[in-house]
Amino acid sequence: NAGVTQTPKFQVLKTGQSMTLQCAQDMNHEYMSWYRQDPGMGLRLIHYSVGAGITDQGEVPNGYNVSRSTTEDFPLRLLSAAPSQTSVYFCASSPGDSANYGYTFGSGTRLTVV
Amino acid sequence: TQLLEQSPQFLSIQEGENLTVYCNSSSVFSSLQWYRQEPGEGPVLLVTVVTGGEVKKLKRLTFQFGDARKDSSLHITAAQPGDTGLYLCAGASVAAYKYIFGTGTRLKVLA
């Protein structure tokens, strides 16, 4: 099994550009989440989904959109990139409640906005 | 606001030494999990502790959940360079039931 696959691994954007970070999992997990990791701030939840067609906001959702049309895929869209969105982004999945099962994480996308 | 505070924040030790890292909160947690994150990779789940006082062992790593389920510790015996990484605790408090990550302990084991 590939687990959780994120693409791209690295990306540089100019301020105002938009892009989509891809995330796919092959474990048939219902729960999927997007986190950003910043020095001194830890892992912060951006958006999450408890199943296909269901999404909700996390702690820091502004400037990001998500959709969940299939169980496997959970893309994260940056609408108009800002330097404050420079970060490492992680997609994670869980077979159910993360408090019970924990997450399987992808290897991350390092995004720089200039 | 529920918080998971980890200590120490940074730890640099020699190969073969023992160490303990702590994860503390003022809230009661239904369970706590520990992850290890290596540079350039995502966190990897190590263990879940559920019952107050529970002790779990994973080779040289020993995890304990506090009796009151407000804290946890990770003890590493005879640390090796391969143990180097960022150690994160995580969980959801009984009151807020929002899954959060701790502040992290960055461990470096020198050969």
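Chain letters run A, B, ... following the sequence lines, proteins first and then strands; every chain starts at 1.
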Heavy-atom contact with chain B under 4.5 Å, split by part of A:Y101: backbone
A:Q37, part contacting chain B, at a heavy-atom distance under 4.5 Å: side chain
Pair A:H29-A:S94, side-chain donor/acceptor within less than 3.5 Å: no
Top of A:L45, A:T104, A:N100 for chain B proximity - count of heavy-atom pairs under 4.5 angstrom: A:N100
Side-chain contact, heavy-atom cut-off 4.5 Å: B:L107 with B:I13? yes
Ignoring hydrogens and geometry, is there a side-chain-to-backbone donor-acceptor pair from B:Y35 to A:Y103 under 3.5 Å? yes
Under a 4.5 Å heavy-atom cutoff, which of A:S98, A:G106, A:G40 has the most pairs with chain B? A:S98
Name the member of B:Q33, B:Q9, B:Q37, B:E41 that forms the most heavy-atom pairs with chain A at distances under 4.5 Å. B:Q33
Which bit of B:L86 comes within less than 4.5 Å of chain A, counting heavy atoms only: side chain, backbone, both or neither? side chain
For B:D83, run the salt bridge (charged side-chain N to carboxylate O under 4.0 Å, His left out) check against B:R106, B:K59, B:R60 and tell me which one passes. B:R60
Please check this pair: side chain of B:T105 against backbone of B:P8, looking for a donor-acceptor N/O pair closer than 3.5 Å. yes
Could you tell me which of B:S30, B:P43, B:G104, B:G102 has the largest number of non-hydrogen atom pairs under 4.5 Å with chain A? B:P43
Do A:V66 and A:F74 have side-chain heavy atoms sitting under 4.5 Å apart? yes
